[in-house]
Amino acid sequence: MNKKLKTESVDHLFDAILKLQDKEECYNFFEDLCTVNELLSLSQRFEVAAMLRDHKTYLEIAEKTGASTATISRVNRSLNYGNDGYELVFSRMNP
């Protein structure tokens, strides 16, 4: 884990997120927390990760999501060399 990321403030935010109980609560909280563009960027990265995991090409991903090749590459790097956060969530979504 990135030591610069682990702060009391980030812990507080994650504690708050873990209190959300359903999708509607997530929409309400994240709409208050993020700008529309920030939330769309997060969801785009998640979609890119799912498509990379399904062995889609950069071209297919860019066409479907509108993500730049730089974003796709960054997400791919996280999938291959990150902390397995994406994999953890994907495994829980598709048991």
Side-chain angles (χ1 to χ4, degrees):
M1 169 172 305
N2 186 335
K3 294 191 187 316
K4 292 180 185 177
L5 178 65
K6 187 155 180 59
T7 66
E8 189 175 326
S9 294
V10 174
D11 280 351
H12 196 219
L13 172 63
F14 290 166
D15 287 340
I17 291 169
L18 290 169
K19 300 295 183 203
L20 299 171
Q21 295 181 1
D22 58 32
K23 198 179 296 186
E24 187 64 28
E25 288 184 0
C26 286
Y27 269 101
N28 291 336
F29 180 74
F30 281 96
E31 193 172 334
D32 286 349
L33 180 67
C34 300
T35 66
V36 170
N37 285 338
E38 289 168 336
L39 193 50
L40 292 175
S41 291
L42 290 172
S43 64
Q44 180 188 63
R45 288 181 188 180
F46 191 70
E47 184 70 13
V48 166
M51 293 181 74
L52 285 167
R53 191 169 179 258
D54 289 340
H55 307 290
K56 302 295 184 195
T57 67
Y58 275 35
L59 181 59
E60 290 173 306
I61 295 167
E63 286 177 351
K64 180 163 192 277
T65 67
S68 68
T69 55
T71 295
I72 298 168
S73 180
R74 197 173 313 117
V75 172
N76 193 43
R77 197 168 34 255
S78 292
L79 284 170
N80 291 317
Y81 304 108
N83 293 313
D84 296 324
Y86 281 118
E87 193 56 43
L88 173 69
V89 170
F90 289 136
S91 70
R92 290 182 180 171
M93 291 177 75
N94 303 310

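For clarity, every value in this text was computed on a predicted model and none was experimentally measured.
Every side-chain hydrogen bond (donor to acceptor under 3.5 Å, both in side chains) that Ser68 has, sequence neighbours left out, goes to Thr71. Take Thr7 and apply the side chain to side chain contact (heavy atoms under 4.5 Å, CB included) test, not counting sequence neighbours, and it matches Ser9, Val10. Partners of Asp11 under the side chain to side chain contact (heavy atoms under 4.5 Å, CB included) rule, at least two apart in sequence or in another chain, are Lys6. Every residue was checked against the side chain to side chain contact (heavy atoms under 4.5 Å, CB included) condition with Glu31, not counting sequence neighbours, and none meets it. Partners of Thr57 under the side-chain hydrogen bond (donor to acceptor under 3.5 Å, both in side chains) rule, at least two apart in sequence or in another chain, are Glu60. With sequence neighbours left out, Asn80 forms a side-chain hydrogen bond (donor to acceptor under 3.5 Å, both in side chains) with Asn76.
Atom OH of Tyr58 is separated from atom OG1 of Thr69 by 8.0 Å, given to the nearest 0.5 angstrom.
Applying the ring pair (Phe, Tyr, Trp, His ring centres under 6.0 Å) test to pairs two or more places apart or on separate chains, none has a residue in residues 16-42. For the salt bridge (charged side-chain N to carboxylate O under 4.0 Å, His left out) condition, no pair includes a residue of residues 65-86, sequence neighbours left out.
In the hydrophobic clustering (ILVMFWY side chains linked at under 4.5 Å, chained through shared members), Tyr81 stands by itself. In the hydrophobic clustering, where aliphatic and aromatic side chains (Ile, Leu, Val, Met, Phe, Trp, Tyr) are joined below 4.5 Å either directly or transitively, Leu40 groups with Val36.
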Could you list the donor-acceptor pairs under 3.5 angstrom formed by side chains in residues 45-56, with sequence neighbours left out?
from, atom 1, to, atom 2, distance (Å)
Glu47, OE2, Lys64, NZ, 3.1
Arg53, NE, Glu87, OE1, 3.1
Arg53, NE, Glu87, OE2, 3.4
Arg53, NH2, Glu87, OE2, 2.9

For residues 13-26, please give each side-chain donor-acceptor pair under 3.5 Å, one per line with the distance, not counting sequence neighbours.
from, atom 1, to, atom 2, distance (Å)
Asp22, OD1, Glu24, N, 3.2
Asp22, OD1, Glu25, N, 2.8
Glu25, OE1, Gln21, N, 2.6

Quiz prompt | side-chain contact (heavy atoms from CB on, under 4.5 Å) between Leu88 and Arg92, intermediate numbers included | solution = CA-CA 6 Å; Leu88 173 69; Arg92 290 182 180 171; 3.6 Å; yes

